[in-house]
Protein chains: 2
Amino acid sequence: MAKVEFNIACSLCEHLKDSLFNGLSPEDLSRINNHKTCVQYKKGQNIFYEGTRPTGLYCMNAGKVKVYKNNVQGKEFIIYIAKPGDFLGYRALLSEEFYQATATVLEDAKICFIPKENFFEVLQKNPAFMKRVVKAVCHEMGIMEDKLAELAHKSVRERLAANLLMLKETYGMEGEGSSLIDLALSREDLASIVGTATETVIRLLSDFKSDGLIAFEGKKIRVLDAKKLARQADLIVA
Amino acid sequence: MAKVEFNIACSLCEHLKDSLFNGLSPEDLSRINNHKTCVQYKKGQNIFYEGTRPTGLYCMNAGKVKVYKNNVQGKEFIIYIAKPGDFLGYRALLSEEFYQATATVLEDAKICFIPKENFFEVLQKNPAFMKRVVKAVCHEMGIMEDKLAELAHKSVRERLAANLLMLKETYGMEGEGSSLIDLALSREDLASIVGTATETVIRLLSDFKSDGLIAFEGKKIRVLDAKKLARQADLIVA
DNA sequence: GCCTGAACCTGACAAAAGTCATCTTTTTGC
DNA sequence: GCAAAAAGATGACTTTTGTCAGGTTCAGGC
């Protein structure tokens, strides 16, 4: 499990345009670039652990990472799945707290690490960048509010349908009339996203499959009928 | 339901020390002060509505306000209860989105309104203030992550116990060996905080009461045995 | 290619929690 | 101070979902 380093200049990174670093001045970007360390991780490796102190910011270049909390019985709840272009671990860094969640690689990943001093330096010098960060954080918070309300009042079936649609939006590869969720998620991980038991996810998925809403393609899920799925996600079919 | 205006100088506000405005330079504070409008609201009045555009920031001077989302069936989920010193509606303002929640007065309130131009002006000119705001927002986000995991995997009994403890921490008036939650919450509101049905809350509260964990004092709840309540909040009593 | 463990699936069952109906108590408006 | 409405309480019942136990299939390491 040796860490393999690699290097790509931030200015040439294909995900720069999707990133919060987009719009940074060349000097600021090179300040980030000159201090970053880029590492390749294998599936299953951990990026950071709940309870430890952040020392910088992670920036995804490739792969997928799940960020999750473990409860007393060892059940996971997945808060977020990070994809290329996303920041990782910024919440604890900016609130100056310990990590409250653990990050584990779902699909082999390339991740750059920016020491906090350098990140904060750019942040402090650059009010427009700071403002973009605030905006992004507050947007994220709105998503979490939605999730809270969903978790509080929707059934597992509705939540699963809603999460499949969400995954389709974020990781979907569009085909003709259908869309493949480009994420190798186990049933267990899906259960940890929805907030339910693995068995329940399995049963509901096979329901959705026999109703022609989804299909399985290897380890991945294809959404065949997003409209019907949306009806399952809403409350009480009118 | 006429709005009654009042006025208190920010610099003299008794909640300044608990507020994010604490630490602002006299000039910045007077910039806020000179543009604010302060209004008294009665219980039941709305401060802002889901789906509308924020035009500024609310800052609580007195009373309590619930911020909640309504689902399709009209069930409320309470995201937050604001108390004096708290900001209200900053999330949508900073993410430049519409309000995603409604704010309604729980206990007669005095709330100051700061137009967004003036708030943003101070924010932009003052990196230290901006940093404090970011820190607070990210801290808040951590609380929401906890709530998500709680909602996903804890039973209603555990969640009710945990929320009573949380309310005690935030609104508790300490007595000898017990603590009164200084919040006139209906059973329905408590259900909307916990994410369950009103009947379930009523039943569980009376359980807790007969076990000597809590007592009722008018519309308020007194926590008699925080330790036992904490054991109810955790999973599986060891 | 085979073995081993992990992931996936299915059924039976129990527990938790929601719903509905009804009744009592408290609050509020006039 | 009274009537109406809202809040609180309780019981009966149903549905949802979790748990456990037992299978099968799949994938990776040797």
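If you're wondering where the values come from, they're calculated on a predicted model, not measured in any experiment.
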Please state how far atom CG in A/Leu204 lies from atom C1' in D/dT16, giving the value in whole angstrom units.
10 Å

Just verifying a value: how many Å separate A/Leu213 CG and A/Leu204 CG, rounded to the nearest 0.5 Å?
11.5 Å

Within 6.0 angstrom of A/Lys220 NZ, more than 12 heavy atoms from elsewhere:
yes

B/Lys36 side chain to B/Ile8 main-chain N or O, any donor-acceptor pair under 3.5 Å?
yes

Give a yes or no on whether a donor-acceptor pair under 3.5 Å exists between the nucleobase atoms of C/dC20, that is its base, and the side chain of B/Glu199.
yes

To the nearest 0.5 Å, how far apart are OG in A/Ser155 and CD in A/Glu150?
10.0 Å

Residues, nucleotides or ligands: over 12 heavy atoms within 6.0 Å of A/Tyr49 OH
no

Charged N to carboxylate O below 4.0 Å: is that the case for B/Lys66 and B/Asp189?
yes

A/Lys75 side chain N/O closer than 4.0 Å to the phosphate oxygens (OP1, OP2) of D/dT19?
yes

Counting only distance, no hydrogens or angles, is the base of C/dG11 paired donor-acceptor with the side chain of A/Arg203 under 3.5 Å?
yes

D/dT17 OP1/OP2 closer than 4.0 Å to side-chain N/O of A/Thr200:
no

Any protein N or O atoms within reach of nucleotides 22-26 of chain C? Criterion: under 3.5 Å, listing atom names and distances.
none

Give A/Thr198 one of three labels, base, sugar-phosphate or nothing, depending on what nucleic acid heavy atoms sit under 4.0 Å from its own.
nothing

Looking at B/Arg187, does any N or O in its side chain come under 4.0 Å of the phosphate oxygens OP1/OP2 on D/dA9?
yes

